[in-house]
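Letters A, B, ... mirror the listed sequences (proteins, then strands); counts begin at 1.
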Amino acid sequence: MNPDLTVDIAGLKMKNPVMVASGTFGYGEEYAQLVDLNSLGAIVVKGITLAPRLGNPPPRIVETPCGMLNAIGLENVGVEKFIKEKLPYLRQFDIIVIANIAGKTVEEYVELARKLNGLVDGLEINISCPNVVKGGLEFGQDPALTYEVVSKVRQATRLPLIAKLSPNVTDIKVIAKSAVEAGIDAISLINTILGMVIDVTTRKPILANVTGGLSGPAIKPIALRMVHEVARVVRVPIIGQGGIMNATDALEFIIAGATAVAVGTANFVDPQTSLKIIKGIEDYLIKNNIHRLSELTGSLQI
Amino acid sequence: MLQTKIKILANKKIAPEYYKMALESPEIVRTSTPGQFLHIRVSNNSEPLLRRPFGIHSIKDTGEFEILYRVVGKGTALLSKKKAEEELDVLGPLGNGFKFPVAGNETMVLIGGGAGIAPLFFLAQKAHHLRQIIVLIGGKTKDQVLCEEEFKKLGIEVRIATEDGSYGHKGLVTDLLNALLHTSLSIFACGPLPMQKRISIFSSEHNLSCQVSLESRMACGIGACLGCAIKVKGESTTYKRVCIEGPVFEAKEIMWE
Ligand SMILES: Cc1cc2nc3c(=O)[nH]c(=O)nc-3n(C[C@H](O)[C@H](O)[C@H](O)COP(=O)(O)OP(=O)(O)OC[C@H]3O[C@@H](n4cnc5c(N)ncnc54)[C@H](O)[C@@H]3O)c2cc1C
Ligand SMILES: Cc1cc2nc3c(=O)[nH]c(=O)nc-3n(C[C@H](O)[C@H](O)[C@H](O)COP(=O)(O)O)c2cc1C
Ligand code: FES
């Protein structure tokens, strides 16, 4: 018998625990020729703001050892165009669509939640974007602001709510607890880690934005440690992410306490990564005679 | 666009730092147009992590094609070590290629330098039956002058300029362009940024149509990550993605830094 891979994130019944991370899978259509979207647990679309955003000047990305830095600056079409032009395409598929929302003020987050209410399956509140001047990280680094954003968005919508937290904090547990107290349904961990690269011939930073967010295998140990820490202090489901490249990586996050995982940078390297991970998790469960994935979640032996 | 594993047929050094790799994929040969590129995984592990973009250099009816590349860093160094019979994970063909043939009976002037000559040969293969073509090859030194013989075999006239005068005309490719201004021209350029910029400015001064193939650091290669943006002209600042709106652009669109 095939093992049961389904997971429940705040009422979202996912076929399997593998989602694709915000900003790494566009609006789905870019990858549809290469990946069967119906097979994915869920898609989290590129961060959306109220008004369209141009993003940062180039260069926006640079490769680093086992990773990359990005400073896209939340370029996106804006919520209206997302609803009119991007969402209908995704709606043709049997896939859970989660909108990643980013605002400069609490009011903007609330407005975004209102506009998307009933149109998407869930919201991921991005309080962790390191590449914008206002908003984003500012909220995710302050427990009181985290509480305020989450509770106000909570009042504005009944959609399942996920908080996407930043690793750029001293104690991730404090922020996670604030989000839970404010009524969050699930937590995404982690967004990218601030970093930079300098060109020694010009003595200039490579990224026009000076700093960018580090992602990819280089950050996996940090992400895993944070999932482990947060899993011990909150009861809401955790969506683990950060450097997941294969099924073993994903299983590590699940064992550490993640209910689901998200594949980010690995989509650029091999668009088939998420599908391979689904298969790999299934194989692992069969091999170890585990009938339900949930038996594995948080089963870390210390 | 597809993602496939394709077999390397040969991987040969053609000049100091430059290699040609032959690969076999009838699908890619059938579906590619000149100026499009392939996003190639050069390692099976996470170092280097990202794919590397390369233009399609030439195709054969037998389903073979070539890329021509310069070794500049660790990804291309790894690529240069690959042997025949090994397989590469390739995503492509990607992006928008050159628009040709051009209107009227303009002469197509293909201008390349260094590895920038790579996609222009494929363009010549497809276009030399349709229009008169002249190829201008430029570079700092003789080492950057590639593929002269291959173009000549197609019956195409080749003119050369090197900045140090080590081969052909001593000076810039735009000097060679000057000499062609009496005919009606349409320009197709690919090469180092300063050269492309110079050609673009030259062509706008002389009101010539000019297409340039640009490079940018890429992650996904298919329009999803927004990492490869370049500045284009408009009432206010706007960006386009090199991987999907490009890599070939009308020169007049580009905001040169
Ligand atoms: C559409 C397109 C077509 C190209 N076609 C060719 C071709 O036909 N022949 C050829 O020799 N080269 C071509 N290039 C450039 C080639 O992709 C780079 O030289 C190569 O990626 C360098 O990798 P590396 O690991 O050796 O260098 P490194 O400097 O170690 O690379 C580090 C990172 O920077 C990126 N990078 C470095 N140089 C460039 C560059 N010039 N353009 C884009 N990204 C770069 C790499 O992809 C990598 O992510 C093309 C680039 C683009 C965007
Ligand atoms: C190019 C790029 C763009 C991203 N854009 C967003 C975004 O818009 N919103 C967001 O919450 N996270 C964004 N992220 C972060 C990813 O969703 C993910 O949390 C992070 O990259 C860690 O996972 P990874 O190492 O598997 O990529 C982006 C990451 C990358 C690499
Ligand atoms: S490389 Fe990702 S959008 Fe162009």
Seminar exercise, completed: On a heavy-atom basis, the closest approach of B:G227 and A:R60 is O-CB, 3.7 Å
Can you check whether anything in [range] gets within less than 4.5 Å of chain A, heavy-atom wise, and list it by number?
range                      : result
residues 50-68 of chain B  : B:L50, B:R51, B:R52
residues 71-100 of chain B : B:L91
residues 19-47 of chain B  : B:R41, B:S46, B:E47

Exercise. Among A:A71, A:G28, A:G23, A:G26, who wins on heavy-atom pairs under 4.5 Å with chain B?
Worked result: A:G26
Problem set entry | Pairs of heavy atoms under 4.5 Å with chain B: top-ranked of A:N246, A:T265, A:N56, A:N76 | A:N56
Is the closest side-chain heavy-atom distance between [X] and [Y] below 4.5 Å?
X      : Y      : result
A:P57  : B:Y239 : yes
A:D270 : B:Q3   : yes
B:L2   : A:Q33  : no
B:C220 : A:F25  : no
B:L226 : A:K46  : yes

Exercise. Tell me, side chain or backbone of B:T237 under 4.5 Å from chain A's heavy atoms, or both, or neither?
Worked result: both
Anything under 3.5 Å between a donor and an acceptor, one on a side chain of residues 216-227 of chain A, the other on a protein residue two or more places apart or in another chain? List them.
residue : atom : partner : partner atom : Å
A:K220  : NZ   : A:D249  : OD1          : 2.8
A:K220  : NZ   : A:E252  : OE2          : 2.6
A:R225  : NH1  : A:E229  : OE1          : 3.3

What is the distance from atom [atom1] of [X] to atom [atom2] of [Y], rounded to the nearest 0.5 Å?
X      : Y      : atom1 : atom2 : answer
A:E63  : B:M218 : CD    : CE    : 14.0 Å
B:K231 : A:L54  : NZ    : CG    : 10.0 Å
B:C228 : A:I72  : SG    : CD1   : 8.5 Å

Exercise. Take atom NZ in B:K233; do more than 12 heavy atoms of anything else shown fall under 6.0 Å from it?
Worked result: yes
Exercise. Counting heavy atoms not belonging to A:K276, are there more than 12 under 6.0 Å from its NZ?
Worked result: yes
Problem set entry | side-chain contact (heavy atoms from CB on, under 4.5 Å) assessment of A:L34 paired with B:I222 | CA-CA 10 Å; A:L34 300 166; B:I222 60 171; 4.0 Å; yes
Exercise. Checking heavy atoms, do the side chain of A:L69, its backbone, both or neither come under 4.5 Å from chain B?
Worked result: neither
Exercise. A:E29 versus chain B, heavy atoms under 4.5 Å apart: side chain, backbone, both or neither?
Worked result: neither
